[in-house]
There are 2 protein chains.
Amino acid sequence: MQDQEIAKIVIIEDDETIREGYTYLINHTSPYRVVNSYPSFDAAKSKIAKDNPDVIILDIQLPGTSGIEALPLLKKLLPQTFIIMLTVYETEQIILDALANGASGYFTKNSASAKVIEAIKEVLQGGGPMSPDVAKTVIMSLQKNPDSPLTKRETQILGLINKGKDRSQIANELFIEVETVKTHIKNIYMKLNVNSKADAITVAKSNKLI
Amino acid sequence: MQDQEIAKIVIIEDDETIREGYTYLINHTSPYRVVNSYPSFDAAKSKIAKDNPDVIILDIQLPGTSGIEALPLLKKLLPQTFIIMLTVYETEQIILDALANGASGYFTKNSASAKVIEAIKEVLQGGGPMSPDVAKTVIMSLQKNPDSPLTKRETQILGLINKGKDRSQIANELFIEVETVKTHIKNIYMKLNVNSKADAITVAKSNKLI
DNA sequence: TGAAATATACCCCCTGAAGGGTTAGTTGGT
DNA sequence: ACCAACTAACCCTTCAGGGGGTATATTTCA
């Protein structure tokens, strides 16, 4: 979109009240225009390309194709369009899935309306707006366990195992002998109470050790 | 901290001008109090426990112990304290490392001063404040490549390989034969132009296919 | 409807990576 | 002076991983 043009918004949301509420809000209290809105992705898919929106406000809980499933499809139809999720759902997995599948921002519906308009502004400027609760969830998912039973070296080696490296590759990378790597791995397995690479990775990830 | 108490802030930042600027700003335009500030973690470590701050504003570029290195140490000294990174650095790796090591929020120094006070408020309320540029970086790091050359099944299997599962475990999980898994893996290796698990994971991750 | 893409399944071969057990020297911090 | 961490080496066995080739349902889409 060109700077001098008015940014075009499309809303995909099954609740009519919410849909019309945001439409009114955006049209009357922001410099943006809601050019169209749809109650589902299935209703939108054949027509949204012509709308050519700059930003799509997308709900997750939609009849038919879910918002998560719709994300890659919308991205394919409109590669340049920013998509902001606006939804009541906020489990860690759903949020991460939405972001992994191409959402540019994520807001929960209990956010102040003004924040949503701010979010539109931010994505248009290249930022990645998230409401504080969503941001918190994202940060938590990245956080490591500070009370790891593993030593630095063990954590490092487990990280390399997680990258798919084998013993000799790890040895080369750390400038130590393969036998030393073996010893470390044995100690890791003991501490984590496992006896295979796969189990070690599973336990390590679920305890956020790596 | 109790709600009725005034939240205590400590600033660790080597630039005196910035340190005093934020101290003044917070003391005069917010309900919070800067109870102490230090030019380095090394200067802070023996005394900060007595300050018992609710929030620490932490720079990354510090003389001696870096902000990233200081994070787990501060977490150990003050497990309940929120730490907000406030720094000029914003490479993807540094941001992710900071968050992985226990930062509750992350702001770049070009953010408006008022935003920093807002951030303090948000962490105290349990949110995870990030400036838009930082949030953008975090989201980008989570985003998958929509133009993957792999099929759904191949992506799925590569994901399981990434979890450390071996062929037979994958076969069990997907209710298909081990030989079928082998075929898929061969096709994955061809498409990614690799010939080992480790290389496949490396290529897949660097191209954000998984 | 018919070609292309995808998913499924099986055969052979061979190397060495993976896991278990044990012992022991060196270093760094309190 | 001690303990934890890091390092290194030797023993052993098994089977997972990777290379090669081939065949055939099933699905998808033009």
Side-chain angles (χ1 to χ4, degrees), chain A residues 45-46 65 69 72-73 76-77 146-204 209-210, chain B residues 42 45-46 64-65 69 72-73 76-77 146-204 209-210:
Chain A
K45 62 182 169 191
S46 61
T65 310
E69 292 163 347
L73 305 172
K76 195 156 203 172
L77 282 171
D147 301 321
S148 173
L150 303 180
T151 67
K152 271 191 187 175
R153 200 53 149 180
E154 287 162 358
T155 303
Q156 187 180 27
I157 286 173
L158 191 51
L160 292 170
I161 289 175
N162 182 44
K163 285 186 178 161
K165 315 244 175 179
D166 62 36
R167 296 169 179 180
S168 66
Q169 290 174 308
I170 294 172
N172 280 328
E173 198 155 323
L174 302 183
F175 303 106
I176 56 179
E177 294 304 310
V178 177
E179 287 299 328
T180 307
V181 175
K182 279 185 65 172
T183 303
H184 284 303
I185 293 176
K186 283 177 210 171
N187 291 332
I188 292 169
Y189 287 6
M190 262 196 292
K191 287 183 181 178
L192 300 188
N193 225 278
V194 298
N195 52 17
S196 76
K197 238 198 306 197
D199 289 349
I201 292 175
T202 303
V203 171
L209 305 183
I210 50 173
Chain B
D42 302 305
K45 63 181 167 193
S46 62
T65 310
E69 292 162 346
L73 305 173
K76 196 153 204 175
L77 282 171
D147 301 321
S148 171
L150 303 180
T151 67
K152 270 190 187 178
R153 200 52 149 179
E154 287 162 356
T155 304
Q156 188 180 26
I157 287 173
L158 192 51
L160 293 170
I161 289 175
N162 182 43
K163 285 187 179 162
K165 315 243 176 180
D166 61 36
R167 296 170 181 177
S168 66
Q169 289 175 308
I170 294 172
N172 279 329
E173 198 155 323
L174 302 182
F175 303 105
I176 56 179
E177 295 303 311
V178 177
E179 287 298 331
T180 307
V181 176
K182 276 189 69 172
T183 303
H184 284 303
I185 293 176
K186 282 182 214 172
N187 291 331
I188 292 170
Y189 287 5
M190 264 197 291
K191 288 182 180 179
L192 300 188
N193 223 277
V194 297
N195 53 16
S196 77
K197 237 201 299 200
D199 289 349
I201 292 175
T202 304
V203 171
L209 306 181
I210 49 173

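If you're wondering where the values come from, they're calculated on a predicted model, not measured in any experiment. In what follows, every chain begins at residue 1, and chains take the letters A, B, ... in the order their sequences are listed.
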Going by the rule side-chain hydrogen bond (donor to acceptor under 3.5 Å, both in side chains), which residues pair with [X] if we only count those two or more places apart in sequence or in a different chain?
| X | result |
| --- | --- |
| B:Asp42 | B:Thr65 |
| A:Gln156 | A:Arg153 |
| B:Lys191 | B:Glu154 |

Rounded at 0.5 Å granularity, tell me how far [atom1] in [X] sits from [atom2] in [Y].
| X | Y | atom1 | atom2 | result |
| --- | --- | --- | --- | --- |
| B:Ile210 | B:Leu158 | CD1 | CG | 4.5 Å |
| A:Leu192 | A:Ile201 | CG | CD1 | 11.0 Å |
| B:Ile170 | B:Ile176 | CD1 | CD1 | 8.5 Å |

Nearest-Å distance for atom pair [atom1]/[atom2], residues [X] and [N]:
| X | N | atom1 | atom2 | value |
| --- | --- | --- | --- | --- |
| B:Ile161 | D:dA16 | CD1 | C1' | 12 Å |
| B:Lys165 | C:dA18 | NZ | P | 18 Å |
| A:Asn195 | D:dA16 | CG | C1' | 15 Å |
| A:Tyr189 | C:dA18 | OH | P | 8 Å |
| A:Met190 | C:dG20 | CE | C1' | 11 Å |
| A:Gln156 | D:dC6 | CD | C1' | 12 Å |
| A:Leu192 | C:dG19 | CG | P | 13 Å |
| A:Gln169 | D:dG18 | CD | P | 10 Å |

Grab the N/O contacts between the protein and nucleotides 27-30 of chain D below 3.5 Å, and write none if there aren't any.
none

Side-chain heavy-atom pair A:Leu73, A:Leu77 within 4.5 angstrom cut-off: no
Side chain to side chain contact (heavy atoms under 4.5 Å, CB included) involving B:Ser196 - partner list, sequence neighbours excluded: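 Listed in chain order: B:Ala198, B:Asp199.
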Sequence-distant partners of A:Asn172, side chain to side chain contact (heavy atoms under 4.5 Å, CB included), two or more places apart: none
Any donor-acceptor N/O pair under 3.5 Å between C:dG16 base and A:Arg167 side chain: no
Show the atom names and distances, to 0.1 Å, of all donor-acceptor pairs under 3.5 Å that link a side chain in residues 159-168 of chain B to residues at least two apart or in another chain.
| from | atom 1 | to | atom 2 | distance (Å) |
| --- | --- | --- | --- | --- |
| B:Asn162 | OD1 | B:Lys205 | NZ | 3.3 |
| B:Lys165 | NZ | B:Glu173 | OE1 | 3.1 |
| B:Asp166 | OD1 | B:Ser168 | N | 3.2 |
| B:Asp166 | OD1 | B:Ser168 | OG | 3.0 |
| B:Asp166 | OD1 | B:Gln169 | N | 3.0 |

Pairs involving residues 176-188 of chain A, ordered by first then second residue, that meet side-chain hydrogen bond (donor to acceptor under 3.5 Å, both in side chains) (sequence neighbours left out):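 Listed once each, the pairs would be none.
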Heavy-atom protein contacts under 4.0 Å, nucleotides 3-11 of chain C, coded B base, S sugar-phosphate only, - none: ---SSBBBB
Relative orientation of the end axes in the helix from C:dT1-D:dA30 to C:dT30-D:dA1, expressed as an angle to the nearest 10° (five pairs per end):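 Inter-axis angle at the termini of the helix from C:dT1-D:dA30 to C:dT30-D:dA1: 80°.
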